There are 2 protein chains.
Amino acid sequence: MTEIERFLEDKKVRPTAMRILVYKYMAKRQISVALSDIENAFTKAERTTLYRTLKTFEENGIVHQIDDGTGITKYALCEIGCNCEIEQDLHLHFHCNNCQETVCLTAHKIPHINLPEGYLAKDVNLVVKGLCKNCSN
Amino acid sequence: MTEIERFLEDKKVRPTAMRILVYKYMAKRQISVALSDIENAFTKAERTTLYRTLKTFEENGIVHQIDDGTGITKYALCEIGCNCEIEQDLHLHFHCNNCQETVCLTAHKIPHINLPEGYLAKDVNLVVKGLCKNCSN
DNA sequence: TAATAAATGCACTTCCCTTGCATTAAATAA
DNA sequence: TTATTTAATGCAAGGGAAGTGCATTTATTA
Ligand SMILES: [Mn+2]
Ligand SMILES: [Mn+2]
Ligand SMILES: [Zn+2]
Ligand SMILES: [Zn+2]
């Protein structure tokens, strides 16, 4: 049993062939991925299976979803200490207008947001757009 | 010539009947609206016309778009001092999980966001979700 | 091995956004 | 005013991504 298989079982996710491939793919790329990215990476992949794979991953705290404002849902592997399950995912995301890639800036927590009287915050989504470090030169 | 007609002409938008109605509708409701909201408000309205009306409004600095993460584009009238045209729209938006309404918190500016070396910010989207003042009791 | 449960593949649906194009209305030129 | 040009509207269709139903395959458990 490989390390990835052990990891998935730890997360109560059965390590099927496809799931292992998807996990490996996401681990190799360090940026967030869209469903279509994975679909294109494997010629013999069924979109629905991938969709449900990501859904299962998300439900079991392996990935978290990112809404970067492009209209396309992105997914990123949760890092150690990612608490997107127990509470809101408080790190910010950066979307590059040039290379179109979205990254988790896990080290950059979202600052406290002041709200008017009576408003109760449960979740915060913060997306910064601009040029990433590869494209800003 | 009414005040609204003068306002629209000021913004280089021809004050057609439909445009005036849409503007009035948005002014009456203080929360942001979806295309379908307007569509439902007027029985005799064509979705495409409304779509293009909002697009024209946006291009001329009358409304700004809001991506509140619901997957449905919302629009809100720009207030005096709204600088969504010349630079990024820096105020935050609040989406209520209960009544599903999204409001501009124009008085609440987005705090400065620290980014890692090499990242260049051009735009920021901040959406807080939770319970609005009407629903938090 | 048999029974059960889970994962996958395929087809289809839904939802919203967007566009093409003919028609109608308005603005401008003659 | 009338003719010409330009803009707005209405209807139909297209596109993309998310999501579902169900039969089939694969894996697990009895
Ligand atoms: Mn993230
Ligand atoms: Mn706003
Ligand atoms: Zn980039
Ligand atoms: Zn509410």
Side-chain angles (χ1 to χ4, degrees), chain A residues 1-2 4-6 8-25 32-60 62-76 95 100 102, chain B residues 1-2 4-6 8-25 32-60 62-76 95 100 102:
Chain A
M1 192 188 257
T2 71
I4 292 176
E5 287 175 279
R6 253 194 309 275
L8 292 178
E9 294 218 326
D10 250 35
K11 295 285 189 178
K12 316 283 182 215
V13 171
R14 290 195 182 157
T16 66
M18 202 64 232
R19 286 170 177 175
I20 292 169
L21 283 174
V22 169
Y23 186 88
K24 279 183 181 167
Y25 175 77
S32 64
V33 298
L35 180 55
S36 61
D37 292 331
I38 310 177
E39 203 183 349
N40 295 332
F42 306 108
T43 38
K44 259 302 204 191
E46 205 33 49
R47 197 180 49 79
T48 315
T49 303
L50 297 175
Y51 170 74
R52 288 195 264 235
T53 294
L54 290 169
K55 198 176 177 189
T56 302
F57 279 8
E58 194 198 356
E59 287 165 353
N60 292 279
I62 296 169
V63 305
H64 60 263
Q65 264 190 296
I66 303 171
D67 176 6
D68 62 8
T70 59
I72 297 163
T73 306
K74 305 290 172 62
Y75 300 85
H95 178 76
Q100 307 297 326
T102 302
Chain B
M1 192 187 258
T2 71
I4 291 175
E5 286 176 281
R6 253 194 309 276
L8 292 177
E9 294 216 327
D10 250 34
K11 296 284 189 177
K12 316 283 182 217
V13 171
R14 290 194 182 156
T16 66
M18 201 66 232
R19 287 171 176 174
I20 292 168
L21 282 175
V22 169
Y23 186 88
K24 279 183 181 168
Y25 174 78
S32 64
V33 299
L35 179 54
S36 60
D37 291 331
I38 309 178
E39 203 183 349
N40 296 332
F42 307 107
T43 38
K44 258 302 205 190
E46 206 32 50
R47 197 183 65 261
T48 314
T49 304
L50 297 175
Y51 170 75
R52 286 194 265 237
T53 294
L54 290 169
K55 198 176 178 188
T56 302
F57 279 8
E58 194 198 355
E59 286 164 354
N60 291 280
I62 296 169
V63 306
H64 60 263
Q65 263 189 292
I66 304 171
D67 176 6
D68 61 8
T70 59
I72 298 163
T73 306
K74 305 289 171 62
Y75 301 85
H95 177 74
Q100 307 297 327
T102 302

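Not measured: the values here are computed from a predicted model. So you know, we letter chains A, B, ... as the sequences are listed, proteins then strands, and number each from 1. Heavy atoms only: backbone and side chains are in, while hydrogens, waters and symmetry mates are out.
The shortest side-chain heavy-atom distance between Arg14(B) and Leu8(B) does not fall under the 4.5 Å cut-off. Put simply, the side chain of Leu50(B) does not reach to within 4.5 Å of the side chain of Glu46(B), judged on heavy atoms. Counting only heavy atoms from C-beta outward, the side chains of Thr73(A) and Leu54(A) never approach each other to under 4.5 Å. Using a 4.5 Å heavy-atom cutoff, the side chains of Thr53(A) and Tyr23(A) are not in contact. Within the 4.5 Å cutoff, the side chain of Ile38(A) has no heavy atoms near those of the Tyr75(A) side chain. Arg19(B) has its side chain out of reach of Ile4(B): every pair of non-hydrogen atoms, C-beta onward, lies at least 4.5 Å apart.
Evaluation of the side-chain hydrogen bond (donor to acceptor under 3.5 Å, both in side chains) rule for Thr70(A) yields Asp68(A) as partners, not counting sequence neighbours. Scanning for side-chain hydrogen bond (donor to acceptor under 3.5 Å, both in side chains) contacts around Ser36(B) gives an empty result, with sequence neighbours left out. Applying the side-chain hydrogen bond (donor to acceptor under 3.5 Å, both in side chains) criterion to Thr2(A), with sequence neighbours excluded, gives Glu5(A).
In terms of position on DNA chain C, the residue among Tyr75(B) and Pro15(B) whose nearest nucleotide sits closer to the 5' end is Tyr75(B).
For the segment residues 42-57 of chain B, the set of residues with a heavy atom within less than 4.0 Å of an atom of DNA chain C comprises Arg47(B), Thr48(B), Tyr51(B), Arg52(B), Lys55(B), in numerical order.
Of all nucleotides in DNA chain C, those with any atom nearer than 4.0 Å to a heavy atom of chain B start and finish, going 5' to 3', at dC16(C) to dA27(C). Nucleotides of DNA chain D that come within less than 4.0 Å of any heavy atom of chain B span, from the 5' end to the 3' end, dA7(D) to dA13(D).
Paired with Ser32(B) under the rule side-chain contact (heavy atoms from CB on, under 4.5 Å), one option of Asp37(B), Ile66(B), Val63(B) passes, and it is Ile66(B).
No contact: Ser36(B) has no heavy atom under 4.0 Å from any strand.
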